[in-house]
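Each remark here refers to the structure printed beneath this line.
Lettering of chains follows the sequences in order, A, B, ..., and the numbering in each one begins at 1.
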Amino acid sequence: MSPGHFVALAVILFVIGAVGVLVRRNAMVVFMCVELMLNAVNLAFVAFARMHGALDGQVIAFFVMVVAAAEVVVGLAILMSIFRTRQSASVDDPNLLKY
Amino acid sequence: MRGSLAIAHAVAAPAVTTMAAAGVQRAAWLLIAFPLAGAVVLLLGGRRTNRWGHLLGVAMPVAAFVYGVIAFFAMLGYPAGQRGRDLHVYSWIAVGAFKVNVGLQLDQLSISFVLLITGVGSLIHIFAVGYMASDPERRRFFGYMNLFLASMLLLVLADNYLLLYAGWEGVGLASYLLIGFWQFKPTAAVAAKKAFIANRVGDAGLSLAIMLMFTTFGTVSFSGVFSRPGSAGSGVLTAIGLLLLLGACGKSAQLPLQSWLLDAMEGPTPVSALIHAATMVTAGVYLIVRSAPIFNLSPNARLAVTVVGAATLLFGAIIGCAKDDIKKALAGSTMSQIGYMMLAAGLGPAGYVFAIAHLIAHGFFKAGLFLGAGSVKHEMDDEVDMRRFGGLRSVMPVTFVTFTLGYLAIIGVPPLSGFFTKDAIIEAAFAKGGTSGAILGGAALLGAGITAFYMTRVMFMTFFGERRWAESAHPHEAPPVMTSPMVILAVGSVGAGGFLILGNRFMNFLSPLVGAPPVSRGLFTTAGIASLVLVVAGVAIAWAMYGRRPVPAVAPAGRFPVVAARKDLYGDAFNESVLMRPGQWLTRLSVYFDNRGVDGLVNTLAATVGGSSGRMRRLQTGFVRSYALSMFVGAVLLVGALLLVRI
């Protein structure tokens, strides 16, 4: 169980999350993919902390969790207000800022 | 002993040294301040000054003349070597190595000019009071005339070339304003423009000469340049001399810049008398005589001056023979007489004194002739065609007598002015020796004969013969305000030449400054007798053609020489084809290049920006996912770049 395996897993999770953000149409699923990316990053930090024998990575992981929580609050609030206005959760619908 | 070596053997001018002005000469700035104040008051005061404007306009030149006489007698009190005085007025430009002051130089040359300008100028101003009496713009006329006097006095009194140039430009401006005084006449407006543009060509030459002087000598003041002319190479000195000659040609209406003088007769006759006979056109001669130390060291420039003088002498005389307009005939005569002065000035120290003596005598008799022509024109309801004159001597006796005295002076009948001064020039030209001396002397002699011919033609057509007047003309003698200046000028025409030349009076006065010829001539020489013979021949031919036969009222179609002379010897045609048309092509080419090239460049730039921005705005699709993709791609690129740098 070398830390390298954990980093590989983190990379795979990150890529899955990134593809999901770009491809999925439902706003909730996009948020969940973003969460997936953040968790992958957390995993990577902790694995590197283990590799270097320092605690810096674990401390940063705490920060990332706090940021993720705050971001979810704000994002879900925005999604709620859009849904109430448009009756649709698709990210393709609000396209009024086109040229 | 002869030829170009004559310069070395002539009495060369001693080094120019000036002392500081003392005593009454310290107020020499008054000479310029009087007419300048008159001009400022009359031009800025406007119509309020109309009632007394002409009186102020006459008082200022008279005041300047009075001061000039006082300064002259103060100068006579100094010994001959100490007559050059310099008055520092204020420091004008002091930029690094370039220092120019406003200073006035009172020496024999400038005081001669001052007396001529203010004296003849005052007389002409008095004449103009009567001549312009019926013109509602008389006050503005006197304002411009005073402006001219101030600039001309600045020109002759300046002690450095840059201040001279300021006066030079000022007289050009005043000439433009005065020729085009009756602006509503299209011919007058065009003539004023023509005079100004021809002057500008000459001014370019003068300004280049000043710049060349600064780079060569480090200074433009007379004392600085003339104290070490030998320090420059002969090529540079010749270049400066030729450029000064170009400037003089523009101002003095010499070849090749002569075409404006005849058109300048569109201005009122006092303008023609003052500016285009006595003073402004002599500024070129002043410039050359003042720059004597430079010309003394460059024989090529001197040769060019004599060639220009001789050529213009004949050119002007031939034109004057065919003109029916009395003022244009006199203008051709002016061009020719200034050619004499240029010829003399180009002879070096052997001729400078004679050039200035002839200039002063010419100032008297030419101004007198022009005032006479103005008097005739005034009485004949502004008619100037001599074919409508005739038989005027019985109705205008005073004008006739003064005009006759001026006529005798200009053709060189002894003992009047022209005999002494013109023959001195002819004699000096022959004394130059060699082929050039013979050609120049011959040209001057021939010119004397032609002068006699055309002046006698003017006399016979105007004052003798049967009356060919228009129905409405009732001429009588001019009022005293117009005839008294003519009488005084006639006295000058009779006496000025003899007064200056006999007893070597003017020679002794001026030669400490500019040098003297090696041998002094006697009174009756071969050249003098030859010129008298030619004068009699010219008078006789003119009498046979115009005195004995009736003058046709309509100008007869002449053969080629007459037709050519009527067209100013194709001077205008030459200017047009050689200068104007290429200039027009050049401007059209520039306009084309500006529209297509420069504007095209700017418009293409603007179109490029507009087009590219039109393409780029299509990135704004409004889709969140495409924005997310571009963020993702950018992040990948950044990481890749970082990795590349690390590796």
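Summarising the local packing, CZ of B/F593 is surrounded by 12 or fewer heavy atoms from other residues, nucleotides or ligands at distances under 6.0 Å. Open room surrounds CZ on A/F62; 12 or fewer heavy atoms of other groups in view lie less than 6.0 Å from it. More than 12 heavy-atom neighbours from other residues, nucleotides or ligands sit within 6.0 angstrom of CZ on B/F214. Environment of CE in A/M80: sparse, with no more than 12 heavy atoms of neighbouring residues, nucleotides or ligands closer than 6.0 Å.
Annotation for B/F623 and A/N95: closest pair CE2-ND2, 3.9 Å, computed over non-hydrogen atoms. The shortest non-hydrogen separation linking B/F632 to A/L22 is CD2-CD1, 4.0 Å.
Interface residue A/V23: only backbone heavy atoms are found under 4.5 Å from chain B.
Side-chain atoms of B/R625 do not come within 3.5 Å of backbone N or O of A/V91 as any donor-acceptor pair.
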